[in-house]
Amino acid sequence: MSIRLGGLRKSFGTKEVLRGFTLTVEEGETAAIVGPSGCGKSVLLKHLVGLLRPDAGTVVVDGTAVPGLRGKELAALRRKIGYVFQFAALFDSMTVAANIAMGLRRLRGWDRNRIAERVAECLGLVDLNGMGGRYPAELSGGQRKRAGLARAIAASPKYLLYDEPTTGLDPVMTSAIDRLVLKMRDELGVTALVVTHDMTSAFRVADRITLLHEGKARFTGSPAEVRTAGDDVLRGFVEGDPALYYGLRGGRNDGA
Amino acid sequence: MVLLPVTDPLSRPFAASGRSTLAALGSVGQAAALFAGSVRALRDIGTWGPLLLPQMARVGVASVPIALFIATFTGIVMSLQASYTLTGTIPLYFVGTMVGKTMILELGPVLTGLILAGRVGANISAELGTMRVTEQVDALETLAYDPVSYLVVPRTLAGIFMFPFVVLLAVATGIASGWLTALQLLDMSSAEFVKGLRLFFEPWDVWFAVIKSVSFGAVVTGIGCFCGLQTEHGAEGVGRSATRTVVTSSMIILCLDAFWAAVLL
Ligand SMILES: Nc1ncnc2c1ncn2[C@@H]1O[C@H](COP(=O)(O)OP(=O)(O)O)[C@@H](O)[C@H]1O
Ligand SMILES: [Mg+2]
């Protein structure tokens with residue numbers, strides 16, 4: 001089963017954020033969507049779990065059309081998807097362990113002991129052993145991101161959506177998170193979509209990279225294809241060259 | 001919503017008021033949807049059940065000190081003002097009547113309701129607003145929780161159950177402080193005050209106060225949840241939602257107060 005987006009459109013008021021975005025992520029694959037801040041990456045991800053409804057187009061996850069789902073069906077689909085939020089979005093009134101347990105408490109056949117075991121296991125996976133009793137406010141940015149990741153993987157989802165998992169982290173922490181993303185793919189076989197503006201990280205984790213530009217998929221290809229592509233906008237983004245990215249010859253320093 | 005652009009300066013105010021009317025109607029529609037959602041979410045007792053007691057403690061028990069503080073001073077003032085007003089042929093024991101009646105029927109429920117709109121309503125709104133802008137509400141949803149079952153229902157039920165409790169405590173305190181004032185400052189005897197207190201007392205008055213406080217509890221907590229969940233634009237938005245909660249619920253409390261007086265008395 002896979003993720004299929006077709007002709008996805010979404011506007012907020014008069015602002016068109018997505019203008020016909022099409023993408024397929026095959027089972028077991030990790031795809032990356034790259035693009036500058038504010039281009040609509042988070043908006044895109046939110047459509048996959050039904051947090052936003054598209055104005056037009058199709059969103060199919062695990063063989064079900066997401067926008068039509070309500071109530072129990074939507075909850076059932078959401079149990080198959082782990083969502084790693086950009087700023088972790090940990091429940092700050094709860095300890096890290098309670099955060100990780102939140103999703104598990106909704107599942108049948110999970111008693112206290114089984115939940116506690118799984119929480120400890122997830123803490124170990126993200127290298128936060130012994131931090132379960134802390135509150136989110138007592139964690140560093142990197143620890144918070146890893147706690148968010150632990151919460152997302154706790155219920156062993158088939159799909160993982162990462163919203164800028166490495167943004168704002170130091171290079172060492174970035175590569176640690178990237179290794180985790182790869183581990184999820186290789187050991188658990190999850191289908192994953194990573195949204196990022198960090199090209200280094202995208203090259204490391206993705207089987208396929210898509211550039212989101214002006215609400216559409218501008219280019220899709222393997223990391224090798226992205227490195228050698230001739231597309232000006234893509235090269236502009238990868239190389240960090242505003243003149244190429246914005247299609248200007250004279251150069252421009254006031255980019256968004 | 002499609003509105004034709006209005007360029008003529010004379011019609012601009014009308015267009016603006018039309019837009020705000022539409023926005024207000026839109027809010028009423030969304031609030032009605034939240035209400036319907038909350039009623040549906042009542043079935044989901046597994047989600048909200050365990051959260052109810054902590055919310056009742058937070059909404060109710062923690063509000064008792066401020067409510068009693070207000071009631072104490074209201075009782076003193078009522079007692080003094082009643083004795084000042086009731087001169088000449090009116091017997092002094094009517095002080096007891098006035099303190100009792102006004103505390104039970106009006107001041108107990110309404111003053112407590114207004115103060116809790118500030119204390120409880122703003123608190124709920126800021127809490128849920130912060131959860132909204134930091135994507136904690138989205139996170140709840142992705143973990144297959146219904147935010148209405150998890151956040152709105154326990155808070156609103158806590159308001160409905162606890163407001164009457166706080167109000168009745170406030171009423172009792174107000175009457176007690178009025179009584180003490182009468183004894184200490186007005187040269188009244190306890191027997192006189194109690195005589196006045198019982199003169200026009202109807203058990204129905206207490207029910208009236210309970211009905212009012214249940215409705216105020218639902219309004220304050222419900223609007224707090226509604227404004228909180230609608231929060232946008234970061235910290236500034238959280239502040240705006242808290243203000244909106246206090247202003248809107250205070251206005252609705254006063255309107256409901258008039259409504260119940262007209263319907264039930
Ligand atoms: N709920 C919303 N209401 C209005 N505008 C929004 C909303 N969510 C996102 N946007 C706008 O959509 C654009 C894309 O946002 P986002 O997806 O968060 O960007 P990013 O690629 O950095 O994740 C931004 O310009 C943002 O202002
Ligand atoms: Mg984003």
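Computation of the quantities below employed the complete heavy-atom set of this structure, encompassing side-chain atoms and omitting hydrogens, waters and symmetry-equivalent molecules. Below, read A as the first sequence line, B as the second, and so on, with proteins coming before strands; counting in each chain starts at 1.
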Inset, instruction - Please indicate whether B/Phe69 has more than 12 foreign heavy atoms, meaning atoms of other residues, nucleotides or ligands, lying under 6.0 Å from its CZ. - result: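 No, the 6.0 Å shell around CZ holds no more than 12 heavy atoms from other groups.
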Inset, instruction - Answer yes or no: are there more than 12 heavy-atom neighbours, outside A/Glu138 itself, under 6.0 Å from its atom CD? - result: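 Yes, CD of A/Glu138 has more than 12 neighbouring heavy atoms, counting only those of other groups under 6.0 Å.
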Legend entry - Portion of B/Thr134 that has a non-hydrogen atom of chain A nearer than 4.5 angstrom: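 Looking at B/Thr134, just its backbone touches chain A.
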Legend entry - Residue A/Leu90 versus chain B: region with a heavy atom under 4.5 Å: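 Answer is backbone: N, CA, C or O of A/Leu90 sit under 4.5 Å from chain B.
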Legend entry - side-chain contact (heavy atoms from CB on, under 4.5 Å) partner of B/Thr142, chosen from A/Ile81, A/Leu48, A/Leu51: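 Of the listed residues A/Ile81, A/Leu48, A/Leu51, the side-chain contact (heavy atoms from CB on, under 4.5 Å) partner of B/Thr142 is A/Leu51.
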Inset, instruction - Check the pair A/Tyr83 / B/Asp138 against side chain to side chain contact (heavy atoms under 4.5 Å, CB included), numbers first and verdict last. - result: CA-CA 10 Å; A/Tyr83 197 116; B/Asp138 287 346; over 6 Å; no
Inset, instruction - Would you mind checking if A/Lys46 and B/Glu135 are paired as a salt bridge, meaning a charged N to carboxylate O distance below 4.0 Å? - result: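 Salt bridge present between B/Glu135 and A/Lys46.
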Legend entry - Min side-chain heavy-atom separation A/Val49-B/Glu141 under 4.5 Å: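 A side-chain contact under 4.5 Å is absent here.
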Legend entry - Flag side-chain contact, heavy atom, 4.5 Å: B/Leu140 against A/Phe91: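 B/Leu140 reaches A/Phe91 side chain to side chain.
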Inset, instruction - Give the minimum heavy-atom separation between B/Ala144 and A/Ala75, together with the two atoms involved. - result: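 Heavy atoms only, the tightest pair is CB-O, 3.7 Å.
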Legend entry - Smallest separation among heavy atoms of B/Ala139 and A/Ala89, with atom names: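 It is CB-O, 3.7 Å.
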Legend entry - Donor-acceptor contact present, side-chain B/Tyr145 to main-chain A/Met102, <3.5 Å: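 Such a contact is found between B/Tyr145 side chain and A/Met102 backbone.
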Legend entry - From CG (B/Leu143) to CG (A/Leu104), nearest 0.5 Å: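 So the CG of B/Leu143 and the CG of A/Leu104 are separated by 9.0 Å.
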